[in-house]
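This report refers to the structure that appears directly beneath it.
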Amino acid sequence: MKGPPRTINIVGAGLAGALLALLLARRGLAVTLFERRPDPRQAQPERGRSINLALAARGLRALERAGVLARVQPLLIPMRGRMVHERDGRAALQPYGQREHEIIFSVGRADLNRVLIDEAARHGRVTVRFGQTCLGADTASARLTFRDGSGGQYTVPLVPTVATDGAGSAVRASLAAAGLVRVREEWLDHDYKELTIAAAAAAALERHALHIWPRGGFMLIALPNTDGSFTATLFLPRTGAPSFTALGSAAAVTALFSREFPDTLPLLPDLAAQFAAHPQGQLGTVHTEPWRVGGEVLLLGDAAHAIVPFHGQGMNAAFEDCSQLDELLGGDEDWAAAFAAFEAARAANAAAIARMAIENYDEMRAAVLDAGFVRRRALALGLERRFPGRFIPRYSMVMFHPEIPYAEALRRGAVQETLLRELDAGPGAEPDPALAERLVTQRLSPL
Ligand code: FAD
């Protein structure tokens, strides 16, 4: 079999691109990493991107594989559960898991990206070229086209290229235009807007939690930052009532927050000004098929499969992509075989997390306040304690069990949900322990 060429292009030095560059350099490849932004180690972060992200076991495992976890660790703030805030100001913590290590972490996107780029750039085999905007890939001429900072265009040889240029991937668009891949974008009819809760105002907020103000059709969340501030994100329909369209004035914004999130008003003294100044972001799912053209181009991370952020898994899935590709390049497989094996291994998992991410929006904005949901969640944790080798709540499989693929978490999660509904005896009633044992052992194979 043909050994892989010793050089590779990566387009996009975001979270996945920078990590992949590091992983591939560690296995001896010479990597050229192209990025349209300036060097983030010298420039201010781009406006309008989510400021912090939830990092969980899948992402941590990939960072560990790349040998970079020790440098990332100081950036991480543990979050032990969801702090659910009701309209009347009551708040209660719903722990994410039931073991000490079953926590997730808030991490600043810009800080994490800076560390990954720095680690990649310090590696002798990685050349990072900032300020280079990829305009697309042309497999017929086997070239990638770029525009540089002065507006000039140039091309470089294509083979092989991994495109990690994010949800709006220019490489994906060029392959789609050439009829080489099919793309379906499903836009959510809810947008988001980020607001900063300054450190001085945030003292009253529990730091080791992901805060949620679920309001049925919409929600506000907040994640902690290392400087003591929090980043809050409002998810709201684009049109209707309430909606972003209906929030055209400072008075309307203040009225919505006074009615729905009154306990946040002291946290956001400059609410109306921030609301007017900050961009409104769109959310969607990108389905692409296939993700590759022979051994020449591979789409990876959001470029292949962007998802909505409600399971906090887009970056985690992109990092898992990176380690899986690295794993598949072991031995002397060629790129075409490695790209094909990568897509075969990842496509069903990407589809599964895309679906679970949408489903989790309902859970976050509505179900967490529902008595039946809270009861079944307690029942699920009880079953996990009793049958740890068979029953693991779906949320825990996704967030804390990277050894369970997303598609398997989706499949087992559906079986478990039916089982929980059968066992749920209603408010105040205990489930039948013998029935629980029978259903769990009959329906759930050992993990
Ligand atoms: P990106 O991080 O988008 O990186 C793409 C890179 O390519 C960027 O550096 C960009 O500048 C560069 N680029 C783009 N176009 C070009 C071009 N033409 N030429 C050259 N370079 C280019 N995920 C989680 O795991 N947990 C969370 O809590 C979470 N929260 C989120 C909240 C929000 C509001 C959003 C929108 C997303 C969230 N995500 C979360 C998802 C996460 O941000 C993405 O899945 C992740 O950034 C994907 O990484 P990537 O490297 O594939 O793409």
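As the structure lists them, so they are numbered: ligands from 1, and atoms in each ligand from 1.
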Item checked: Plane angle bin for Trp291 and His305 - parallel if under 30°, tilted between 30 and 60°, otherwise perpendicular ->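 It falls in the tilted class, 30° to 60°.
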With backbone taken as N, CA, C and O and side chain as the heavy atoms from C-beta onward, which portion of [X] lies under 4.0 Å from ligand 1: side chain, backbone, both, or neither?
| X | value |
| --- | --- |
| Phe146 | neither |
| Met315 | both |
| Ser169 | neither |
| Glu194 | neither |

Next item on the list: State, without any angle test, whether Arg37 and Asn113 hold a side-chain donor-acceptor pair at a distance under 3.5 Å.
Entry: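 Asn113 and Arg37 do have a side-chain donor-acceptor pair below 3.5 Å.
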List every atom of ligand 1 that sits less than 4.0 Å from any heavy atom of [X], numbering the atoms from 1 in the order shown and giving each element.
| X | value |
| --- | --- |
| Gly166 | 3 (O), 5 (C), 53 (O) |
| Thr164 | 5 (C), 6 (C), 7 (O) |
| Arg37 | 9 (O), 11 (O) |
| Ala170 | 18 (N) |
| Leu53 | 27 (C), 28 (O), 29 (C), 30 (N), 31 (C), 38 (C), 39 (N), 40 (C), 43 (O) |
| Thr133 | 18 (N), 19 (N) |
| Ala54 | 24 (C), 25 (O), 26 (N), 27 (C), 28 (O) |
| Gly301 | 52 (O) |

Note to self: On the six-membered ring of Phe235, is Arg215 placed so that its NZ or CZ lies under 6.0 angstrom from the centre and within 45° of the ring axis?
What the structure shows: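 No; the conditions do not both hold, so Arg215 does not lie above the ring face of Phe235.
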Check: Honestly, is Arg365 close enough over Tyr361, meaning NZ or CZ under 6.0 Å from the six-membered ring centre and within 45° of the axis?
Finding: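 Satisfied, under 6.0 Å and within 45°.
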Notebook entry, point to check: Under 3.5 Å, N or O to N or O, is Asn52 touching ligand 1 that way?
Noted result: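 By distance alone, the answer is no.
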Check: What do you reckon, does Leu300 have a nitrogen or oxygen under 3.5 Å from a nitrogen or oxygen of ligand 1?
Finding: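 No, since none of the N or O atoms of Leu300 sits under 3.5 Å from an N or O of ligand 1.
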Shortest non-hydrogen contact from [X] toward [Y]:
| X | Y | answer |
| --- | --- | --- |
| Leu283 | His190 | CD1-O, 3.8 Å |
| Thr196 | Gln274 | N-OE1, 2.6 Å |
| Ala54 | Met315 | O-CE, 3.6 Å |

Notebook entry, point to check: Does a side-chain N-to-carboxylate-O contact under 4.0 Å join Arg376 and Glu417?
Noted result: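 Yes, charged N to carboxylate O under 4.0 Å.
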Next item on the list: Could you tell me if any non-hydrogen atom of Arg109 lies under 4.0 Å from any atom of ligand 1?
Entry: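 Heavy atoms of Arg109 do come under 4.0 Å of ligand 1.
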Margin query: Considering Ala13, Ala317, Pro309, Ala318 one by one, which has a heavy atom nearer to atom 35 (C) of ligand 1 than any of the others?
Written below: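 Nearest heavy atom to atom 35 (C) of ligand 1 lies in Pro309.
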Margin query: Given Val11, Asn316, Asp302, identify the one with the heavy atom nearest to atom 46 (C) of ligand 1.
Written below: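 When every heavy atom of Val11, Asn316, Asp302 is considered, Asp302 comes closest to atom 46 (C) of ligand 1.
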Next item on the list: Would you mind reporting whether Ile104 and Phe400 have side-chain heavy atoms less than 4.5 Å apart?
Entry: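 Answer yes - side chains close enough.
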Checklist line | Val156 side chain reached by Phe146 side chain, heavy atoms, under 4.5 Å | finding: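 Side-chain contact under 4.5 Å: yes.
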